[in-house]
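Small disclaimer: the values here were computed from a predicted structure and weren't measured. Any value given below was found using the heavy atoms of this structure, including those in side chains, with hydrogens, waters and symmetry copies removed.
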Amino acid sequence: MPEVESAMAGGINTRQHRYPYCIVWTPIPLLTWLFPVIGHMGICTSSGIIRDFAGSYYVSEDHMAFGNPTRYVVLNPDNVKATGWDTAISEAASLYKTRMHNLCCDNCHSMVANALNRMEYRGSASWNMVSLACLITFNGRYVGMSGVLKSLLPSILLYTIIICMVVFI
């Protein structure tokens, strides 16, 4: 399994924002600053093109709604049990182009979950927002130091200011 992941990871190009067979994540200004585990998610085709449910009736292609990815998780296409990788992403994108975006219930995480469910990734059709949030939080890799800073620095600064205000006032 590690050799498969290494081979797939070899196609990743963070400078050109190409992440084949990956789920990608980027912070949402203000929301991620308050809750560092909440962010915007997309899923990449076999060639690394990012697809994300960026707003009501709109699925972007290769241009994430809140900026370039700061984290990613490499998935193994050998774990696809049903619909092919790119076909599942295309079908999920077509569906979400007809949907209203809802921050809490039907959002970017939902589209990624829909694609994984169509694939029956790892033999499961039960992917959801929570399982994906856990996957990116615990298994996600940062694209580099810039990814770490963009993801965490605003939260650290905000909470430092709040703590200083509470302690010193």
How far apart are the closest heavy atoms of [X] and [Y], and which atoms are they?
{"X": "Ser155", "Y": "Thr32", "result": "OG-O, 3.1 Å"}
{"X": "Leu135", "Y": "Ile23", "result": "CD2-CD1, 3.9 Å"}
{"X": "Pro69", "Y": "His17", "result": "CD-ND1, 4.3 Å"}
{"X": "Lys81", "Y": "Glu120", "result": "CG-O, 3.3 Å"}
{"X": "Lys150", "Y": "Pro27", "result": "O-CG, 3.6 Å"}
{"X": "Met64", "Y": "Gly42", "result": "CE-N, 3.9 Å"}

Hydrophobic clustering (ILVMFWY, side-chain heavy atoms < 4.5 Å, transitive) - are [Y] and [X] grouped together?
{"X": "Ile28", "Y": "Leu34", "value": "yes"}
{"X": "Leu152", "Y": "Tyr159", "value": "no"}
{"X": "Leu31", "Y": "Ile162", "value": "yes"}
{"X": "Ile156", "Y": "Tyr142", "value": "yes"}
{"X": "Phe66", "Y": "Ile136", "value": "no"}

Passes side-chain contact (heavy atoms from CB on, under 4.5 Å), Ile50 versus Glu61? Steps please. CA-CA 6 Å; Ile50 301 168; Glu61 184 170 316; over 6 Å; no
Verdict with reasoning, Thr26 to Asn68, per side-chain contact (heavy atoms from CB on, under 4.5 Å): CA-CA 7 Å; Thr26 195; Asn68 296 323; 6.0 Å; no
To the nearest 0.5 angstrom, please state how far the [atom1] atom of [X] sits from the [atom2] atom of [Y].
{"X": "His109", "Y": "Asn114", "atom1": "NE2", "atom2": "CG", "answer": "14.5 Å"}
{"X": "Ser56", "Y": "Lys97", "atom1": "OG", "atom2": "NZ", "answer": "15.0 Å"}
{"X": "Arg51", "Y": "Met111", "atom1": "CZ", "atom2": "CE", "answer": "6.5 Å"}
{"X": "Ile12", "Y": "Cys22", "atom1": "CD1", "atom2": "SG", "answer": "4.0 Å"}
{"X": "Arg18", "Y": "Asp62", "atom1": "CZ", "atom2": "CG", "answer": "4.0 Å"}
{"X": "Leu149", "Y": "Thr70", "atom1": "CG", "atom2": "OG1", "answer": "10.5 Å"}

Does the plane of the ring in Trp127 sit parallel, tilted or perpendicular to the ring in Tyr121? Use 30° and 60° as the thresholds. tilted
Hey, what's the ring geometry for His101 with Phe53, parallel, tilted or perpendicular (30° and 60° as the breaks)? tilted
Quick one: does [X]'s side chain get under 4.5 Å of [Y]'s, heavy atoms only?
{"X": "Leu132", "Y": "Leu116", "result": "yes"}
{"X": "Met100", "Y": "Tyr57", "result": "yes"}
{"X": "Val74", "Y": "Arg141", "result": "yes"}

With distance as the sole test, does [X] use its side chain to make a donor-acceptor pair with the main-chain N or O of [Y] at under 3.5 Å?
{"X": "Asp52", "Y": "Ile43", "answer": "no"}
{"X": "Thr137", "Y": "Ala133", "answer": "yes"}
{"X": "Tyr96", "Y": "Ala54", "answer": "no"}
{"X": "Thr98", "Y": "Leu95", "answer": "yes"}
{"X": "Thr83", "Y": "Thr87", "answer": "no"}
{"X": "Ser110", "Y": "Cys105", "answer": "yes"}

Ring center gap for Tyr72 and Trp25 short of 6.0 angstrom: no
Would you say Asn13 and Tyr19 are linked by a side-chain donor-acceptor pair, where the criterion is simply a distance under 3.5 Å? no
Carefully, step by step, assess Met119 and Trp85 under the rule side-chain contact (heavy atoms from CB on, under 4.5 Å). CA-CA 6 Å; Met119 295 174 200; Trp85 187 273; 3.4 Å; yes
Let me see the working for Leu103 and Asn107 under side-chain contact (heavy atoms from CB on, under 4.5 Å), right down to the final yes or no. CA-CA 6 Å; Leu103 187 62; Asn107 55 37; 5.6 Å; no
